[in-house]
A.B. asks: 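Mind having a look at this structure? Questions to follow.
In this text the structure is predicted, and so the values were computed from the model without any measurement. Residues take their numbers from the sequence shown, with the count starting at 1.
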Amino acid sequence: WNGKQALNDLYLLDIEKLEWSEPETEGPRPACRNNHTTAVVGENIYFHGGHDGNDWLDDLYILNTKL
C-alpha cells in the first residue's frame with residue numbers, strides 16, 4: 001500500500017550487505033493487495049488473503065526463497 005493503492009511488488013533485503021534487490025520470480029503472481037497475512041516456515045513465505053482495493057481476497061501464494 002502506497003497510501004493510495006495496493007501494490008504487488010517484492011523486494012529482498014540482504015541483511016549482511018544491507019542491500020535491497022528485486023528478485024526474479026516464476027509462476028502466477030498474486031494480485032495487488034494490502035492487509036494480508038504472511039508467515040515464514042522454513043524456506044517458504046506464505047501470503048494469504050488481504051484486500052485488492054475493491055474486494056477481500058481468500059487466496060494463498062507460496063514463495064520458495066531457495067529456488
A.B. asks: Kindly state each residue pair satisfying salt bridge (Lys or Arg N to Asp or Glu O under 4.0 Å) with at least one member in residues 40-51, sequence neighbours excluded.
C.D. replies: none
A.B. asks: Applying side chain to side chain contact (heavy atoms under 4.5 Å, CB included), can you list everything that pairs with N54, at least two apart in sequence or on another chain?
C.D. replies: D52
A.B. asks: Count the heavy atoms belonging to other residues, nucleotides or ligands that lie under 6.0 Å from CG of D9, then report whether that count exceeds 12.
C.D. replies: yes
A.B. asks: Pairs in or reaching into residues 28-51: which pass ring-ring contact (aromatic ring centres under 6.0 Å, His included), with residues at least two apart or in two chains?
C.D. replies: H51-W56
A.B. asks: Checking K4 now: which residues fulfil side chain to side chain contact (heavy atoms under 4.5 Å, CB included) with it, not counting sequence neighbours?
C.D. replies: N2
A.B. asks: Give every donor-acceptor pair under 3.5 Å between a side-chain atom in residues 27-34 and any protein atom, sequence neighbours left out.
C.D. replies:
from : atom 1 : to  : atom 2 : distance (Å)
R29  : NH2    : N8  : O      : 3.0
R33  : NE     : A31 : O      : 3.1
R33  : NH1    : G49 : O      : 2.7
R33  : NH1    : D59 : OD1    : 2.8
R33  : NH2    : D59 : OD2    : 2.9

A.B. asks: L18: which residues meet the side chain to side chain contact (heavy atoms under 4.5 Å, CB included) condition with it, sequence neighbours left out?
C.D. replies: none
A.B. asks: Running the 4.5 Å side-chain criterion over Ile, Leu, Val, Met, Phe, Trp and Tyr, what cluster does L13 land in, apart from itself?
C.D. replies: Y11, I15, W20
A.B. asks: Pair L10, L63 - check side chain to side chain contact (heavy atoms under 4.5 Å, CB included), show working.
C.D. replies: CA-CA 10 Å; L10 174 67; L63 175 65; 3.7 Å; yes
A.B. asks: With E24, which residues qualify under side chain to side chain donor-acceptor pair (under 3.5 Å), at least two apart?
C.D. replies: none
A.B. asks: So if you build clusters from Ile, Leu, Val, Met, Phe, Trp, Tyr with side-chain heavy-atom gaps below 4.5 Å, do I45 and L60 land together?
C.D. replies: no
A.B. asks: For E19, which residues count as a side chain to side chain contact (heavy atoms under 4.5 Å, CB included) partner, sequence neighbours excluded?
C.D. replies: K17
A.B. asks: Please go through L57's hydrophobic cluster and name the other residues, only I, L, V, M, F, W, Y counting, with side-chain heavy atoms under 4.5 Å joining them.
C.D. replies: none
